[in-house]
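Beneath this line is the structure, given in structure tokens, with notes to follow.
Just follow the structure's listing: the first ligand is 1, and inside any ligand the first atom is 1.
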Amino acid sequence: MINVIGLGYIGLPTALMMASHGVEIIGTDYNRKLVATLNEGKTTFKEKGLDELFKQALDSGIMFSTEYQVADTYIISVPTPYDKRFKTVDATYVVEGVKDALKVAPENATIVVESTISPGTIDKYVRPVVEGQSKKINLVHAPERIIPGNMVYELIHNNRTIGADDNEVGEAVKRLYASFCEGIITVTSIQAAEMAKVVENTYRDINIAFANELAKICREGGLDVYEIIQIANQHPRVNILTPGPGVGGHCISVDPWFLVGDYPGLANIILQARKINDGMPRYVIHRISEIMKETGLEDVTRVGLYGLTYKENVDDTRESPTLQILQRMDDALSGGLVQVYDPFIENDIVPNQHHDLQSFIDSVDMVVIMVGHNEIKENMDKLKSKVIFDTRHICGFEGVYTL
Ligand code: SAJ
């Protein structure tokens with residue numbers, strides 16, 4: 001039996017996927033409300049294909065509890081909050097999860113950490129806890145790789161990394177993941193698995209920073225960055241990502257800092273990329289001011305930001321560029337209060353937040369497309385009479401302003 005600890009964005013889909021592939025699963029979370037919601041047969045966040053997967057898992061007998069279980073294997077998928085001041089990962093939840101699992105784990109049980117951690121975290125914080133007690137416990141790091149918005153598909157199709165001290169233990173965990181994962185599963189050391197995970201996200205951050213820098217260069221040079229990238233990407237060995245209003249989410253905007261923090265003086269391009277991407281919300285504010293001047297718009301309360309989440313078709317607002325803009329906007333735009341709307345965010349989390357696309361559109365003269373949700377792509381015609389600043393390059397109208 002497998003006990004999945006932490007039923008959030010990663011733990012829940014993983015638990016459901018395993019259960020629906022015939023693995024006996026109990027999901028544990030300390031949050032009583034969350035467990036109660038799952039036990040009522042409802043999912044706790046929006047994600048493509050999750051509700052269907054949930055049904056299959058329920059049919060296969062998955063159970064949810066607030067208690068840790070006696071199990072052969074524990075999968076720890078708890079949050080690893082990020083300390084903005086010191087640019088370090090806070091491994092407290094992982095360590096606490098491991099400690100609680102150890103209280104009930106039988107001899108020779110395996111503890112798999114899926115949460116993203118900075119390289120060296122297991123040796124520094126987790127191993128001492130495991131080795132400080134009498135039972136023999138196997139430690140494994142199997143970093144998650146699924147992308148919000150396409151998690152269910154990617155759980156099945158992505159390749160995976162399993163880091164273990166002992167090859168046999170690694171192979172056993174590989175067999176467990178192979179119950180649902182059709183990708184290549186590489187078994188390596190814990191340290192290599194930790195590093196590879198952070199490197200993957202750092203690579204993407206650097207590539208996005210390059211695209212963002214190109215956007216500024218092309219604006220200065222009077223060229224269309226999207227055309228340039230499209231042409232360059234026709235080269236068989238070039239694959240530049242897309243400029244955007246900033247890099248949000250809990251992964252790509254965070255993980256590169258671990259390398260900067262641990263290897264100061266060596267992680268130069270990584271640091272520069274972080275600075276470029278973190279500077280994008282400020283650049284968007286600058287562009288909004290420019291466009292307002294150019295179009296003669298003076299009333300900042302008639303400017304609307306479309307999208308609050310960190311990217312399209314998810315309900316996650318962590319490190320979202322829109323939230324960063326709203327924090328900075330007060331000074332930059334003379335304290336004006338813009339209008340905001342996101343179809344995925346039902347609660348009021350910012351001032352002047354609308355809950356209906358039409359009421360939002362009616363309240364503004366200028367729409368800043370911050371997130372390319374399907375909703376706006378399908379309703380683009382409704383923006384026809386507005387000044388449009390499209391930071392995501394999803395609107396094909398003439399005269400649209402871009403980054
Ligand atoms: N973004 C751009 N331009 C692009 C691509 C993305 O500006 O061309 C922005 C997005 O709008 C968003 C941010 O970057 O604000 C990050 O979004 P994302 O879709 O690139 O990635 P995440 O953070 O949702 O998920 C990433 C994935 N990692 C990689 O692709 C290497 C995912 O596979 C990981 O599982 C996840 O991080 C994680 O949890 O580590």
Side-chain angles (χ1 to χ4, degrees), residues 6 8-14 45 47-48 77-82 89 113-118 141-161 181 183 193-216 225-226 229-230 233 239-258 273-274 276-281 283-284 306-325 342 344 369-373 390-394 402-403:
Y9 284 111
I10 300 301
L12 182 63
T14 303
F45 63 95
E47 173 65 35
K48 189 171 69 193
S77 42
V78 294
T80 39
Y82 164 66
V89 68
V113 176
E114 276 222 19
S115 312
T116 303
I117 46 184
S118 61
H141 181 41
E144 58 86 10
R145 260 185 182 165
I146 50 179
I147 199 144
N150 202 22
M151 286 176 155
V152 175
Y153 176 89
E154 289 206 350
L155 263 176
I156 297 172
H157 295 96
N158 282 4
N159 304 324
R160 292 201 69 127
T161 321
C181 170
E194 287 176 323
M195 183 58 104
K197 162 72 198 192
V198 169
V199 164
E200 290 158 18
N201 281 353
T202 303
Y203 166 80
R204 196 158 165 88
D205 197 41
I206 292 171
N207 195 334
I208 297 168
F210 180 52
N212 285 335
E213 187 158 284
L214 288 179
K216 293 181 198 163
V225 68
Y226 302 102
I229 291 178
Q230 192 237 328
N233 281 352
N239 183 16
I240 307 167
L241 288 169
T242 316
V247 169
H250 186 56
C251 310
I252 294 189
S253 65
V254 170
D255 296 1
W257 285 119
F258 303 157
R274 273 289 69 240
I276 291 168
N277 288 339
D278 270 359
M280 287 312 285
Y283 180 71
V284 171
Y306 177 90
L308 271 163
T309 60
Y310 81 93
K311 67 173 192 180
E312 68 286 356
N313 305 323
V314 300
D315 62 4
D316 188 342
T317 58
R318 288 178 297 177
E319 316 296 327
S320 122
T322 307
L323 291 180
Q324 292 178 46
I325 283 181
D342 191 310
F344 282 83
I369 301 176
M370 292 293 297
V371 184
H373 290 311
D390 178 11
T391 72
R392 295 289 186 174
H393 194 52
I394 55 166
T402 54
L403 281 173

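- Note: no N/O pair closer than 3.5 Å links Glu200 and ligand 1 by distance alone.
- Nearest to atom 9 (C) of ligand 1 by heavy-atom distance, out of Gly249, Ser320, Ser115, Gly246, is Gly246.
- Taking the six-membered ring where the residue is Trp, His393 and Tyr226 present parallel rings, their angle staying beneath 30° rather than reaching 60°.
- A donor-acceptor pair is defined here as one N or O able to donate and one able to accept, closer than 3.5 Å; no such pair exists between the side chain of Lys48 and the backbone of Met151.
- Ligand 1 is never approached by Glu312 to a heavy-atom distance shorter than 4.0 Å.
- Residue contact annotation: Pro143 has no non-hydrogen atom under 4.0 Å from ligand 1.
- Polar contact check, Ile208 against ligand 1: no nitrogen or oxygen pair lies under 3.5 Å apart.
- Looking at atom 33 (O) of ligand 1, its nearest protein heavy atom turns out to be Arg145 O, 2.6 Å.
- Any N or O atom pair closer than 3.5 Å counts here, and Lys311 shares at least one such pair with ligand 1.
- The atoms of ligand 1 that sit less than 4.0 Å from any heavy atom of Thr242 are 2 (C), 3 (N), 4 (C), 7 (O), 8 (O).
- Inclusion of Tyr310 in the set of residues having an N or O under 3.5 Å from an N or O of ligand 1 is warranted.
- Residue Gly248 places at least one N or O, backbone or side chain, under 3.5 Å from an N or O of ligand 1.
- Residue contacts with ligand 1: His250 is excluded, as none of its non-hydrogen atoms falls under 4.0 Å.
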